[in-house]
Amino acid sequence: MTSLDKPTQDAGQSPPDGGREAGQVHDSRTVTEAALFEAFGGIRGMVETVLPGLIFVTIFTINKDLHFSAIAALAVSVIMLVVRLLRKDTVKHAFSGVFGVAFGVVFAMFTGNAKDFYLPGMLYTLGLALAYIITTLAGVPLIGLMLGPVFKENLSWRTRNPGRKKAYAKSSWAWGLILLAKCAILFPLYWWADTTQLGWVLVILKIPPFLLAVWLTWVFLAKAPPPIDVFAEMEAAEKAEEAEKAARAGQVAEADETAAGRHRRGA
């Protein structure tokens, strides 16, 4: 079986003609779009991210009832999770949404401060921003750890594909800095604004920064070398190993048959 860190012979070779190169670029961009769509949940994932907070701030703006607003937001999250389960869709985004909303509901009800409904999510955003930056400085960009399995390249980009490693580093920097900028807006509002002001700004800032980060990730990865499919390599290596074993077994059987023939002639 081949090592994931063993350089491939054609890693640096150029396509023989412009048509093939254009096809490879198109395929790379298509694969990148599909992988990002899968990794970040697509349009439905964005809706599931925004809707609970929108429900909370809308109801709280109308009646200033913390408990009713929080329970309504949690109920919407649970309903979206149940819908995914009934349709047998991927539930990882819905589960994370329910967990985040539930944490915010418990925290807000415990403190009695409606703004604390948003605090766990804000702290998570800050921690995620730092994780993107720290992992990039450490040479293991977080976005690469997240997308490597989606592209079926695992960690091969670290040692075998420097162009993709550079693209992952740029993408992680983009995510980290965008999320830090978002935190720079939200945390002062948490201290100085009222709940409705903070809530509406949070709703507004849910999608645009996310789309910007995803778009920059697509730009960086679309220009990077294609991923190395380590699963295909392992399957090819296993087939080659099986073929080699079969060939050896055939040679051994042929040698045994020849020896038996000689033995019969000698007898």
Side-chain angles (χ1 to χ4, degrees), residues 39-78 80-81 92-137 141-143 145-146 171-217:
F40 297 112
I43 296 175
R44 187 172 178 182
M46 288 188 289
V47 171
E48 292 173 345
T49 300
V50 173
L51 192 56
L54 179 62
I55 293 295
F56 178 88
V57 70
T58 300
I59 295 176
F60 190 83
T61 300
I62 295 172
N63 62 15
K64 298 296 188 292
D65 189 330
L66 169 60
H67 290 79
F68 184 71
S69 303
I71 292 174
L74 182 59
V76 168
S77 297
V78 172
M80 290 188 293
L81 173 60
K92 60 181 180 180
H93 299 290
F95 265 123
S96 61
V98 170
F99 178 78
V101 172
F103 198 21
V105 168
V106 171
F107 196 63
M109 289 187 174
F110 179 77
T111 63
N113 185 354
K115 284 195 291 187
D116 288 338
F117 173 80
Y118 303 108
L119 187 57
M122 292 166 57
L123 293 174
Y124 172 79
T125 300
L126 178 59
L128 189 59
L130 295 176
Y132 277 118
I133 293 173
I134 292 172
T135 55
T136 304
L137 292 174
L142 179 59
I143 198 73
L145 299 177
M146 295 167 57
S171 300
S172 286
W173 273 115
W175 279 92
L177 294 176
I178 288 171
L179 293 180
L180 279 181
K182 181 177 176 179
C183 291
I185 297 172
L186 295 179
F187 277 96
L189 289 176
Y190 174 79
W191 294 109
W192 299 322
D194 60 33
T195 301
T196 55
Q197 291 172 334
L198 174 63
W200 286 112
V201 172
L202 263 164
V203 170
I204 293 171
L205 290 181
K206 279 284 187 181
I207 299 302
F210 173 81
L211 291 180
L212 176 60
V214 171
W215 179 75
L216 288 173
T217 301

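It should be emphasised that the depicted structure is a prediction, and the values quoted were computed from it without experimental measurement.
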Report task. List the steps and the verdict of side chain to side chain contact (heavy atoms under 4.5 Å, CB included) for Gln197 and Leu189. Result -> CA-CA 8 Å; Gln197 291 172 334; Leu189 289 176; 5.8 Å; no
Using only atom types and a distance under 3.5 Å, with no angle test, would you say the side chain of [X] pairs donor to acceptor with the backbone of [Y]?
X: Lys182; Y: Phe210; result: no
X: Thr217; Y: Ser171; result: no
X: Asp116; Y: Leu119; result: no

Spacing of [atom1] belonging to [X] relative to [atom2] belonging to [Y], to within rounding of 0.5 Å:
X: Phe60; Y: Ile55; atom1: CZ; atom2: CD1; answer: 15.5 Å
X: Thr196; Y: Lys115; atom1: OG1; atom2: NZ; answer: 10.0 Å
X: Leu202; Y: Ile185; atom1: CG; atom2: CD1; answer: 10.5 Å
X: Thr136; Y: Ile143; atom1: OG1; atom2: CD1; answer: 9.0 Å

What's the shortest heavy-atom distance between [X] and [Y], and which atoms?
X: Gly104; Y: Pro120; result: CA-CG, 4.0 Å
X: Ala108; Y: Ala114; result: CB-O, 4.5 Å
X: Ser172; Y: Pro141; result: OG-CB, 3.4 Å
X: Val101; Y: Phe117; result: O-CE1, 4.1 Å
X: Val98; Y: Ser77; result: CG2-O, 3.4 Å
X: Ala70; Y: Val105; result: O-CG2, 3.4 Å

Taking side chain as C-beta onward, heavy atoms only, is [X] less than 4.5 Å from [Y]?
X: Leu128; Y: Leu142; result: yes
X: Ile178; Y: Leu212; result: yes
X: Trp173; Y: Ile133; result: yes

Query raised in the report: Taking Tyr118 as the fixed residue, which of Phe187, Phe103, Phe56 is the one that meets the ring-ring contact (aromatic ring centres under 6.0 Å, His included) rule?
Result: Phe56
Requested in this report: Give a yes or no on this: more than 12 heavy atoms of other residues, nucleotides or ligands lie within 6.0 Å of atom OH of Tyr190.
Outcome: yes
Requested in this report: Taking atom OH of Tyr124 as the centre, report whether more than 12 heavy atoms of other residues, nucleotides or ligands fall under 6.0 Å from it.
Outcome: no
**Report entry** Criterion side chain to side chain contact (heavy atoms under 4.5 Å, CB included) on Ile62 and Ser69, from CA distance to verdict
**Finding:** CA-CA 10 Å; Ile62 295 172; Ser69 303; over 6 Å; no
Query - Leu186 vs Thr125, side chain to side chain contact (heavy atoms under 4.5 Å, CB included): CA-CA, chis, key distance, verdict - result: CA-CA 10 Å; Leu186 295 179; Thr125 300; 6.0 Å; no
Query raised in the report: Does the pair Leu198 and Trp191 meet the rule for a side chain to side chain contact (heavy atoms under 4.5 Å, CB included), with working shown?
Result: CA-CA 9 Å; Leu198 174 63; Trp191 294 109; over 6 Å; no
